[in-house]
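This report concerns only the one structure given below.
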4 protein chains.
Amino acid sequence: MKKTALSEPADTTSRRGRPRSERARLAILQAAADLLLDQGGGQVSMDAVADRAGVSKATIYRWWPSRERLALDALLEWLSAGSPPRDTGTLRGDLLALVRPWVRDARRRQFGRVIAALIAEAQSDPGFAADYRRHFIEQRREPMQAAFARAIDRGEVPADLDIEVALDLVYGAIYHRILQGHAPLTDRFAQQVVDLLLNGILHRDRARGT
Amino acid sequence: MKKTALSEPADTTSRRGRPRSERARLAILQAAADLLLDQGGGQVSMDAVADRAGVSKATIYRWWPSRERLALDALLEWLSAGSPPRDTGTLRGDLLALVRPWVRDARRRQFGRVIAALIAEAQSDPGFAADYRRHFIEQRREPMQAAFARAIDRGEVPADLDIEVALDLVYGAIYHRILQGHAPLTDRFAQQVVDLLLNGILHRDRARGT
Amino acid sequence: MKKTALSEPADTTSRRGRPRSERARLAILQAAADLLLDQGGGQVSMDAVADRAGVSKATIYRWWPSRERLALDALLEWLSAGSPPRDTGTLRGDLLALVRPWVRDARRRQFGRVIAALIAEAQSDPGFAADYRRHFIEQRREPMQAAFARAIDRGEVPADLDIEVALDLVYGAIYHRILQGHAPLTDRFAQQVVDLLLNGILHRDRARGT
Amino acid sequence: MKKTALSEPADTTSRRGRPRSERARLAILQAAADLLLDQGGGQVSMDAVADRAGVSKATIYRWWPSRERLALDALLEWLSAGSPPRDTGTLRGDLLALVRPWVRDARRRQFGRVIAALIAEAQSDPGFAADYRRHFIEQRREPMQAAFARAIDRGEVPADLDIEVALDLVYGAIYHRILQGHAPLTDRFAQQVVDLLLNGILHRDRARGT
DNA sequence: TCGTAACCGAGACGGTACGTCTGGTCTTTTT
DNA sequence: AAAAAGACCAGACGTACCGTCTCGGTTACGA
């Protein structure tokens with residue numbers, strides 16, 4: 001299913017009048033995505049999108065309520081080839097399978113800028129925050145929650161583990177590097193994060209390597 | 001050390017000309033901090049600050065190159081009562097001593113908005129990003145790095161621990177909750193993060209491979 | 001012909017998009033004219049005009065490139081009730097018919113200030129100078145040139161008269177009093193100027209009345 | 001006597017304290033004159049003069065009350081080599097002797113701009129207007145008034161001639177060309193103005209050459 | 001001789017206005 | 001009905017000067 005977009009006008013079962021131009025819709029999303037990933041979040045002005053898409057500003061505002069909503073939609077369209085979650089048999093395998101593609105996406109062009117702009121907007125627009133969390137955050141947390149649940153079923157981890165906290169450690173660390181940029185975001189880093197979370201950092205009673 | 005501000009005129013040993021008005025400086029920082037923490041990052045317009053501080057825009061621009069630099073400076077001034085790092089004797093104690101005050105600061109009024117706005121700006125202004133990291137990120141990482149180093153000295157954790165990754169797990173998790181707002185940021189959460197990092201999440205009882 | 005204004009959008013045969021608001025145009029010109037003639041040329045700040053007209057500055061700048069262009073346009077609108085040139089049958093009558101209304105206009109409120117400000121601006125803005133001359137200077141010179149031409153046809157003055165110089169004597173004297181203000185600008189003065197120009201100041205050999 | 005300047009501090013008979021720096025005074029006047037005649041009247045900002053003269057703004061304001069006063073003073077200093085009025089024996093000779101040097105001065109670099117700016121300022125500053133007229137206008141009218149008086153004594157022109165109007169015709173025409181710039185200001189023009197004024201433009205009974 | 005009054009440089013300060021830009025809305029004509 | 005065009009209001013942006021002020025340092029008179 002392609003259209004998870006936010007631009008649906010409520011219900012659209014009534015079919016009166018001129019139908020919506022698919023050409024315009026795609027041009028707008030494409031222009032927005034280009035601007036997002038080339039110039040960064042701050043450059044997605046409605047004027048710029050309208051200009052680049054050959055579309056009038058009013059047309060954009062008819063379907064998207066704000067710049068950020070459009071940016072989110074464009075980004076979702078662009079990311080939509082999401083990896084289907086896999087069951088590798090071990091928690092470590094599952095986590096790496098989930099984390100690595102995300103790390104690779106996040107390393108792209110101006111991804112940090114885009115995410116940062118979305119987060120910033122989410123701080124002051126509750127409506128947008130809800131959409132953002134649902135489409136961006138929860139969508140990635142859910143498969144990882146399932147992986148943890150499977151690990152509990154397998155007896156790999158204690159049943160009283162607070163899964164939410166564990167998720168925050170994994171995604172938090174990755175987001176931290178994306179946003180703060182104090183150190184590079186590598187595959188090796190992703191692996192280190194997973195291993196540190198699984199094993200902890202304290203010495204064990206008996207010799208146990210990382 | 002009090003004045004870590006960004007508005008210092010280099011060195012100022014030459015004392016020619018009218019001296020800078022401390023009154024104006026404080027009024028500006030206060031006004032900026034108020035606006036930041038009351039309305040959120042996006043409301044710190046230069047006009048608003050100038051108006052509220054009873055100061056001319058030109059005076060602000062003489063000392064701060066941009067809105068964001070001013071916001072950062074105001075925030076640093078506001079946070080300046082930093083807790084001096086303590087040595088509690090255990091890594092767990094040290095981490096909690098560092099993390100808890102930060103969590104409490106971060107829970108305040110519109111802190112998330114402010115941080116988010118600063119991060120967003122740092123994405124596209126390298127000069128600002130450098131200042132932001134130096135004054136905001138590194139300043140908090142350093143005492144925690146020292147805590148980890150002490151733990152290694154004590155033999156509490158393996159000497160080959162990658163401290164940077166450990167830091168990212170702790171601060172990343174906290175920042176994640178600050179910014180994404182998907183779950184509350186409590187003292188209990190801070191403790192869970194520390195314990196999970198220290199002990200890992202895997203069962204300990206029996207022999208366990210990686 | 002009413003609209004000699006400078007704010008015409010070239011040709012505008014294409015009628016796409018929202019049409020220009022005549023209400024805004026008139027409000028701007030009225031506000032500018034009021035400020036011009038009440039406070040004098042220097043007080044026509046764009047902010048003041050925008051404020052008084054209840055219009056955004058951007059709207060003004062869309063149609064007028066500069067404060068001075070706007071001032072000129074407002075003044076032309078205000079003066080537009082121009083006297084149609086008359087043929088009185090004698091050069092003296094024609095000149096007086098042309099000069100007297102101009103003298104009366106020029107005696108109004110802060111006319112000198114306004115003209116002086118326009119002239120000052122014309123010195124350093126060639127584009128504005130062209131408009132200024134075309135709409136302000138030439139518009140008044142042309143009917144007087146015609147009057148002189150008719151006088152030559154009638155044999156009233158020599159055919160080799162340099163009309164331009166004669167015009168400069170008449171209008172120069174009037175402008176001089178407007179701008180320098182060293183003596184009052186009266187109807188009597190206008191008549192003296194005309195008579196002096198017509199008869200010269202040297203004694204005539206034999207009796208010749210004024 | 002060289003110093004007709006406006007910057008005299010009242011009376012200055014008390015000679016206490018540091019005497020005024022002649023070096024600074026000259027640097028300021030020179031800088032102002034340079035800016036006036038190179039860039040035109042509008043560019044004589046106090047900051048620019050202070051900068052170019054290597055002097056503090058406060059020093060300028062201590063001796064000159066405003067930008068325009070300084071500009072006038074600088075210009076007078078620059079023009080000071082005034083031609084002493086001559087008696088050539090005929091009115092025509094006297095007028096040409098007075099008008100020609102003035103025309104040559106006026107043709108220089110940015111003279112029009114400078115005069116226009118002074119006139120514009122004089123419209124709204126009565127104090128400045130008085131100085132301007134005294135030093136600029138009257139200074140040039142007086143010798144011409146004397147020339148006309150001599151012509152009346154000689155019986156060259158009627159005793160009831162209104163000299164002020166005659167002066168306005170001559171100077172008005174020249175100023176008109178300086179300020180409006182609709183036609184060049186040549187020596188020939190000056191001569192035409194004088195001759196037209198002397199002889200009038202109407203046909204005479206008998207042949208009389210220009 | 002030496003205090004002191006006036007000067008000078010530097011430059012920060014509160015202001016005003018500039019001209020530009022973007023966001024979001026509104027009003028037409030065209031499809 | 002929807003799209004395209006584009007005018008509109010609102011208001012922040014960063015800059016340039018204004019004229020005032022507070023300094024510290026420097027003359028050169030006059031007690």
Side-chain angles (χ1 to χ4, degrees), chain A residues 9 14-21 23-25 42 45-48 50 53-63 65-67, chain B residues 9 14-21 23-25 42-51 53-63 65-67, chain C residues 9 14-21 23-25 42-50 53-63 65-67, chain D residues 9 12 14-21 23-25 42-51 53-63 65-67:
Chain A
S14 68
R15 283 276 162 237
R16 301 248 301 162
R18 178 176 176 176
R20 177 171 183 189
S21 157
R23 200 188 132 285
R25 183 182 150 272
S45 77
M46 290 308 222
D47 292 80
V55 140
S56 119
K57 273 202 297 176
T59 303
I60 306 180
Y61 278 106
R62 191 184 310 278
W63 301 106
S66 74
R67 180 182 23 171
Chain B
S14 71
R15 283 268 160 243
R16 303 260 289 175
R18 177 176 178 174
R20 179 173 183 187
S21 157
R23 202 186 132 286
R25 185 184 147 266
Q43 300 308 309
V44 192
S45 78
M46 290 308 222
D47 290 79
V49 172
D51 198 42
V55 141
S56 134
K57 271 203 297 176
T59 302
I60 304 180
Y61 277 107
R62 192 185 308 279
W63 301 106
S66 73
R67 187 180 16 180
Chain C
S14 70
R15 282 270 161 241
R16 303 257 295 172
R18 179 177 179 174
R20 179 172 182 186
S21 158
R23 201 186 133 287
R25 183 183 149 268
Q43 301 308 308
V44 192
S45 76
M46 290 308 224
D47 290 80
V49 172
V55 142
S56 135
K57 271 202 296 176
T59 302
I60 304 180
Y61 278 107
R62 189 184 309 281
W63 300 106
S66 73
R67 183 181 19 177
Chain D
T12 326
S14 69
R15 283 273 160 240
R16 297 256 298 167
R18 178 178 179 174
R20 178 174 182 186
S21 157
R23 201 187 132 284
R25 184 183 149 268
Q43 302 308 310
V44 192
S45 78
M46 290 308 221
D47 290 79
V49 172
D51 197 43
V55 140
S56 123
K57 272 201 296 177
T59 302
I60 304 180
Y61 278 106
R62 191 185 309 276
W63 302 106
S66 73
R67 183 182 22 173

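Just so it is clear, the values below take in all heavy atoms, side chains as well, and ignore hydrogens, waters and symmetry mates. Keep in mind that what you see is a predicted model, and the values were worked out from it rather than measured. In the text below, chain A, chain B and the rest are named by the order of the sequence lines, each starting its count at 1.
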### Message
So if I take every side-chain heavy atom of A24(A) and compare against dA4(F), dC18(F), dC18(E), which nucleotide ends up nearest?
### Response
dA4(F)

### Message
Tell me whether the side-chain N/O atoms of R16(B) come closer than 4.0 Å to OP1 or OP2 in dG25(F).
### Response
no

### Summary
Interatomic distance, CE@M46(D) vs OG@S56(D), rounded to 0.5 Å, equals 11.0 Å

### Message
Is it the case that dG15(E) (base atoms only) and K57(B) (side chain only) share a donor and an acceptor within less than 3.5 Å, ignoring hydrogens and angles?
### Response
no

### Query
Rounding to a whole Å, what distance do you find between I60(B):CD1 and dC13(E):P?
11 Å

### Query
What distance separates I60(D) CD1 from R67(D) CZ, expressed to the nearest 0.5 Å?
12.0 Å

#### Entry: Heavy-atom pair of closest approach, residues A24(C) and V55(C)
CB-CG2, 4.1 Å

### Y61(D) side chain, from C-beta outward: closest of dG11(E), dC13(E), dC18(F)
dC18(F)

### Cation-pi check, R20(B) onto W63(B) ring (under 6.0 Å, within 45° of axis)
yes

### Spacing of M46(C) atom CE relative to dC13(F) atom C1', expressed in whole Å
18 Å

### Message
With a 4.0 Å cutoff (strictly under), does any side-chain N or O of W63(D) reach OP1 or OP2 of dC8(E)?
### Response
yes

## Note on the structure
Among dC18(F), dG23(E), dA12(E), the one nearest any side-chain atom of R62(B) is dA12(E)

### Message
Between dA10(E) and S56(D), counting only base atoms on the nucleotide and side-chain atoms on the residue, is there a donor-acceptor pair under 3.5 Å?
### Response
yes

### Task
Would you kindly compare A58(D) and R67(D) by the position of their nearest DNA chain F nucleotide and give the one closer to the 5′ end?
R67(D)

### Summary
Contacts of S21(B) and A48(C) projected onto DNA chain E by closest heavy atom; the upstream (5') one is S21(B)

## Note on the structure
Whole-Å distance, R25(D) CZ to dC8(E) C1', equals 16 Å

Might you list the N or O atoms of the protein lying below 3.5 Å from N or O atoms in nucleotides 26-28 of chain F, with each pair's distance?
residue, atom, partner, partner atom, Å
dT26(F), O2, R18(D), NH1, 3.1

### Query
Tell me: CZ of R23(B) to P of dT22(F), nearest whole Å?
13 Å

### Task
Return no unless some side-chain N or O of T59(B) is found under 4.0 Å from OP1 or OP2 of dG14(E).
yes

### Query
Out of dG23(E), dC18(E), dA16(F), which has the shortest distance to the side chain of D47(C)?
dC18(E)

